[in-house]
Amino acid sequence: MTSASGAREYDALRLPEGNWWDWEVIDYDGSRLRLGAGHDLSYYHLLEVVFTDVSYLRCPTMFMDAVFRAPTREESAEVARLLGEEPPVLAAFDADAGGGPPTPCLVAAEAVDVVTGHFPRVGASDVDTSRSQAVKPGSVGAE
C-alpha cells in the first residue's frame with residue numbers, strides 16, 4: 001500500500017500467541033537473520049522469525065518484550081533512502097535492550113518466515129517446521 005505522500009506503508013508483523021518475552025539473534029550470516037523467542041532462552045526457544053536477504057538491520061543481539069508495530073513513515077523513508085528502493089519486507093518493533101526507553105528496531109528483507117517449534121539451545125536438528133507460517137513479500141501482517 002502507498003500513502004498519500006508516495007511512501008509505501010507496511011503492516012505490523014503478526015506473531016502467533018505465546019510468551020515471547022526473551023529474544024536473541026540466534027544466527028546472522030549477513031543475509032539470513034534468525035531471531036529466537038520464548039519465555040526463557042536458557043535451554044530452548046519456541047518461536048523463530050527468519051528474515052532472508054536482509055538489506056538493513058537495526059537491532060540489538062539480545063532484547064526483551066518486543067512489540068511489533070508498523071514502521072513509521074520516517075522509518076520507511078529512511079530505509080528506502082539508504083537502500084535506494086523500498087524493500088519487500090520492513091519489520092519494526094520496540095524492545096527493552098537492557099534498560100532505559102524501548103529501543104526502536106528495523107529489519108528490511110526480501111522475505112520473512114515465522115516458525116513455531118521446539119528449538120534446543122545447542123542446535124535445531126530436530127526442529128518440527130510443520131507449523132511454519134511463510135509470509136510472502138508485501139503481505140507481512142496482511143489478513
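Hydrogens, waters and symmetry mates are skipped; everything else that's a heavy atom, side chains included, is used.
The CG atom of L106 sits 10.0 Å away from the SG atom of C59 when rounded to the nearest 0.5 Å. In this structure, CE in M64 is found 12.0 Å from CH2 in W21, a value given to the nearest 0.5 Å. In this structure, NE2 in H45 is found 4.5 Å from CD1 in I26, a value given to the nearest 0.5 Å.
Using a 4.5 Å heavy-atom cutoff, the side chains of E78 and R73 are not in contact. The closest side-chain heavy-atom distance from V114 to L47 is below 4.5 Å. In this structure the side chain of E75 reaches within 4.5 angstrom of the side chain of R58, judged on heavy atoms. Counting only heavy atoms from C-beta outward, the side chains of L33 and L57 approach each other to under 4.5 Å. Proximity of V50 to R32: side-chain heavy atoms (C-beta onward) are separated by under 4.5 Å at one or more points. Under the 4.5 Å side-chain criterion, counting only non-hydrogen atoms from C-beta, R34 is not in contact with V25.
For the pair R69 (side chain) and A91 (backbone), a donor-acceptor distance under 3.5 Å is absent. With hydrogens and angles ignored, the 3.5 Å screen pairs a side-chain donor or acceptor of E86 with a backbone N or O of R8. At distances below 3.5 Å, not a single donor-acceptor pair connects side-chain atoms of D40 with backbone N or O atoms of Y43.
Looking at every heavy atom in both residues, P87 comes nearest to A109 through CB-O, 4.2 Å. Shortest non-hydrogen contact noted between P102 and D94 is CB-CB, 4.0 Å. Taking both residues in full, the closest heavy atoms of A92 and A70 are given as CB-C, 4.2 Å, listed atom of the first, atom of the second, then distance.
Residue L41 is not grouped with residue F119 when hydrophobic side chains (ILVMFWY) are merged at heavy-atom distances under 4.5 angstrom, including chains of intermediate members. A continuous path of ILVMFWY side-chain contacts below 4.5 Å connects L83 to Y10, so both sit in one hydrophobic cluster. Residues L35 and L15 are members of one and the same hydrophobic cluster, defined by side-chain heavy-atom contacts under 4.5 angstrom among Ile, Leu, Val, Met, Phe, Trp and Tyr.
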*Would you please test D22 and H39 for side chain to side chain contact (heavy atoms under 4.5 Å, CB included) and show each step?*
CA-CA 6 Å; D22 295 336; H39 65 279; over 6 Å; no
_Between F63 and T103, is the side chain to side chain contact (heavy atoms under 4.5 Å, CB included) condition met? List the steps._
CA-CA 9 Å; F63 50 95; T103 300; over 6 Å; no
*Given side chain to side chain contact (heavy atoms under 4.5 Å, CB included), test Y56 with V79 step by step and report yes or no.*
CA-CA 7 Å; Y56 182 86; V79 171; 3.8 Å; yes
*Verdict with supporting geometry, W23 and F68, ring pair (Phe, Tyr, Trp, His ring centres under 6.0 Å)*: CA-CA 12 Å; W23 289 79; F68 284 82; 5.6 Å; yes
*What's the verdict on side chain to side chain contact (heavy atoms under 4.5 Å, CB included) for H118 and Y44, showing C-alpha distance, side-chain angles and the deciding distance?*
CA-CA 7 Å; H118 186 270; Y44 62 90; 3.5 Å; yes
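Salt bridge E74/R81: absent, no basic N to carboxylate O contact under 4.0 Å.
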